[in-house]
Amino acid sequence: MSAVAYEVDGEVAVLTVNYPPVNALSAAVRTGLGEGIERALADDAVKALVILGGGKTFIAGADITEFGTDKSQVKPALKDLQKMLETSPKLTIAAIHGTALGGGLELALTCHARVAVASAKVGLPEVNLGILPGAGGTQRLPRLTGVDVAIDLITSGKHIPAAKARELGVVDAIVDDVRSGAVAFARESLASGKSFVAVIDRNEKINGIEPSVFAEARKTVGKKARGKIAPMVIIDCIEAACTLPAAEGLAFEAEKFQELYASDQRGALMHYFFAERQARKIPGISADVQPRKIASCAIIGAGTMGGGIAMCFANAGIPVTLLDLNQEALDRGIGVVRKNYGISVSRGSMSQDKMDKALSLITPTTSYDDLAQCDIVIEAALERMDVKKEIFARLDKLMKPGAILATNTSYLSIDEIASATSRPGDVVGCHFFSPANVMKLLENVRSAVTSPETIVTVMEMGKAIGKVPVLAGSTEGFIGNRMLQYYTGEAEFLLEQGATPEQIDRVATKFGMAMGPMSMRDLAGMDMAVVSRKGRAASIPAGERVSPIVERLVEAGRFGQKTNKGFYRYEGREKLSDPETMEIIEGVSKEFGITRREFTDEEVEARLFAPLVNEGAKEIEDGTAIRASDIDVAWVNGYGFPVHRGGPMYWGEKYGLDKIYQMALDAEKRNGPRWGPGKLLERLAKEGKGWKDA
Ligand code: 3HC
């Protein structure tokens, strides 16, 4: 059966792409479209042709699974189809529902007109794959939207709703029903004799653009890009659209596409794309296991975490009951939620209506009884086992049968918490990251007895509330925090050995981290780090070194940003180097007889990230992480690891698992047994294999 159905409705040919899941422009689809377009052009009775997607969406782009394979070379190419549509003597119309993305939107931009249903979205998200819209997107979109909007849309990859697309001129009409609406639009256009100018020939919006527009864009986009190359190249292409004749602009774009296609960043970003989707697939759980319905949620604790989690559910339209036994704390919590929404409204990222709707979905309460009928309860109370167990024993008696009992703990054992209930299969960790309404990661944590149904439910729920869910096993610190201690720990060892806070932070941010480890400590507050390190002291084996630098800084009153001094000195928002910090660090080096030396930036980079890979490998080995790519997803979304590096495990494999193994052996000698390599890393390093052989 062809991937494209061909029907004639009066004088309109309708080509429907049927290629689940997202009607990507695979070889079969391109072949089907090519045949369909030729057939329509050859039929004298046909005066117009409409292209639409079957199932839930229009075309979501080129088929990414075909990249680099022979199939991607099968003719017709996307550009051949575009030429047929753009130069067609008969009217060509793209009829959009679901999403028209990447090559899908680029195909639509070569039709004479585009109609969309109100729920549709369009976008050019190629930047998220480390490439650019290589089928004319950077040349045609600015001709419709103007340069500023095109730069924003293509460098961010954001999807915009149909109404916005209509306002910007990307879509010509909004229709009620995608197929009949498009056919009616075609008939009306034919009847009125309306003529359409090909997008590539419309130059009004790209004429006379000052070079300063691009210079400015390079500055703004460059800051956000944090080392990603595609956004900057996209600006070059949009500038080319404004300065070169159309054919040359298209050729320039094609050349730049090939350059980006060959880049390491493209490899890393494509790895990440599939990793995120793979993370939702849990081996050993049959596809027949259905998630429970989550139509209401209860949250215990109206602190920063509880309030942030409440916002996630309310934003997704799910009613939330927010409990705090202390009325004052509850009022304060709701106040913070209101304030956060207010900030979004004042920044224009949320409408007042949406804010009112979200707030109306959050019901504060001081009574446990109000939680009983909720589909899930998420406990975000004090991080102490005795407190959690008491709450879960109470929830066990209170909650309706089938409710999910979740805890937001960041390191406590889910098995032990579940043991306080008579329904441990319903108990699971839902570890949100702060600020919970912003951070994308949801680390779901299973105990040994969490039921498959509970697991599937929280994974689905994560997606429904706009999070990126990853499943972890219940070892201390789960996937993310368990690794984090080795990253920050190694940063402190580097300080003892001769690196400076400035060098470490510079290397980390140049690598693409959202923030360097020393600045991160200053932001989080070093007094907090000291408390948490004391709490974990018992699990640190005798003979293992922990650098006392953080403790010494706290003793000197340097708590971080909150005391205006930590690793750095702060004057307002300005961060300054401080000789006193160096004195303290050098004092520690001396105390432990460590000879300070200079480090190259390359050395600092490898030393910072290798311990993450080593610990990640141990997590795969003991089942805390299902696969290496899940760890990548967790670190990208929860810890600011640069997505264009693919995640720590992807980076580690590219860097060389044999080198990581050797570094772990060295670290073991320096710092103690837990820094040494595990069996898995040893095997892969010695056999010259990668994570797929884990
Ligand atoms: N090619 C191949 N497979 C794709 C795909 C694509 N472009 N887009 C999505 N898929 C697959 C996913 O891998 C997933 O497969 P799986 O079920 O085996 O894991 C399946 O489709 C469903 O995807 P999601 O789980 O993401 O489903 P959602 O409904 O949440 O989202 C979507 C749908 C919004 C279309 C989202 O998948 C998406 O953003 N896709 C990527 C779109 C994109 O980047 N397009 C540009 C491609 S590059 C291009 O067009 C180059 C051109 O400029 C020349």
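Heads up: numbering here begins at 1 and tracks the sequence. Atoms within a ligand are numbered from 1 in the order they appear, just like the ligands themselves. Predicted, not measured: the structure shown is a model, and the values here were computed from it.
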Polar atom proximity, [X] to ligand 1 (N or O, under 3.5 Å):
{"X": "Ala62", "value": "yes"}
{"X": "Lys281", "value": "yes"}
{"X": "Phe274", "value": "no"}
{"X": "Gly103", "value": "yes"}
{"X": "Arg277", "value": "yes"}
{"X": "Gly134", "value": "yes"}
{"X": "Ile64", "value": "yes"}
{"X": "Lys463", "value": "yes"}

Exercise. Should the heavy atoms of other residues, nucleotides or ligands under 6.0 Å from CG of Asp177 be counted, would the total exceed 12?
Worked result: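 Atom CG in Asp177 is packed in, count exceeds 12.
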Exercise. Does Gly137 come within less than 4.0 Å of ligand 1, judged by its heavy atoms?
Worked result: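 Flag not set, Gly137 not near ligand 1.
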Among all protein heavy atoms, pick out the one at the shortest distance from [atom]; state its residue, atom name and that distance to 0.1 Å.
{"atom": "atom 5 (C) of ligand 1", "result": "Val22 CG2, 3.6 Å"}
{"atom": "atom 11 (C) of ligand 1", "result": "Pro21 CG, 4.1 Å"}
{"atom": "atom 34 (C) of ligand 1", "result": "Leu101 CD1, 3.9 Å"}

Side-chain donor or acceptor of [X] paired with backbone N/O of [Y] under 3.5 Å:
{"X": "His97", "Y": "Gly55", "value": "yes"}
{"X": "Tyr639", "Y": "Met513", "value": "no"}
{"X": "Arg114", "Y": "Val170", "value": "yes"}
{"X": "Ser296", "Y": "Asp375", "value": "yes"}

State the atoms of ligand 1, each with its element, that fall below the 4.0 Å cut-off from a heavy-atom position in [X].
{"X": "Glu126", "result": "48 (S), 49 (C), 50 (O), 51 (C), 52 (C), 53 (O)"}
{"X": "Pro133", "result": "53 (O)"}
{"X": "Ala24", "result": "1 (N)"}
{"X": "Gly102", "result": "46 (C), 50 (O)"}
{"X": "Pro125", "result": "43 (C), 44 (O), 45 (N)"}
{"X": "Lys56", "result": "29 (O)"}
{"X": "Glu106", "result": "52 (C), 53 (O), 54 (C)"}

Exercise. Please, which pairs that meet salt bridge (Lys or Arg N to Asp or Glu O under 4.0 Å) have at least one residue in residues 232-249, sequence neighbours excluded?
Worked result: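 Of all non-adjacent pairs touching residues 232-249, those that pass salt bridge (Lys or Arg N to Asp or Glu O under 4.0 Å) are Arg218-Asp236, Arg218-Glu239.
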Determine whether [X] and [Y] make a side-chain contact, defined as any pair of heavy atoms from C-beta on separated by less than 4.5 Å.
{"X": "Pro125", "Y": "His159", "value": "yes"}
{"X": "Met461", "Y": "Cys430", "value": "yes"}
{"X": "Lys205", "Y": "Thr145", "value": "no"}
{"X": "Leu250", "Y": "Ile200", "value": "yes"}

Exercise. Does the salt bridge (Lys or Arg N to Asp or Glu O under 4.0 Å) test come out yes or no for Arg292 and Glu453, once each step is laid out?
Worked result: CA-CA 7 Å; Arg292 294 183 198 158; Glu453 210 181 305; 2.7 Å; yes
Problem set entry | atom 31 (O) of ligand 1 touched by protein (heavy atom, under 4.0 Å) |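 No, there is none.
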Exercise. Within 4.0 Å of atom 15 (O) of ligand 1 (strictly less), any protein heavy atom?
Worked result: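 Answer no: nothing from the protein, no heavy atom, is under 4.0 Å.
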For this session: Answer with side chain, backbone, both or neither: which part of Asn128 has a heavy atom less than 4.0 angstrom from an atom of ligand 1?
Result: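 It is neither; nothing of Asn128 touches ligand 1.
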For this session: I would like to know whether Tyr272 and Tyr650 meet ring pair (Phe, Tyr, Trp, His ring centres under 6.0 Å); could you show each step before the answer?
Result: CA-CA 9 Å; Tyr272 177 78; Tyr650 182 87; over 10 Å; no
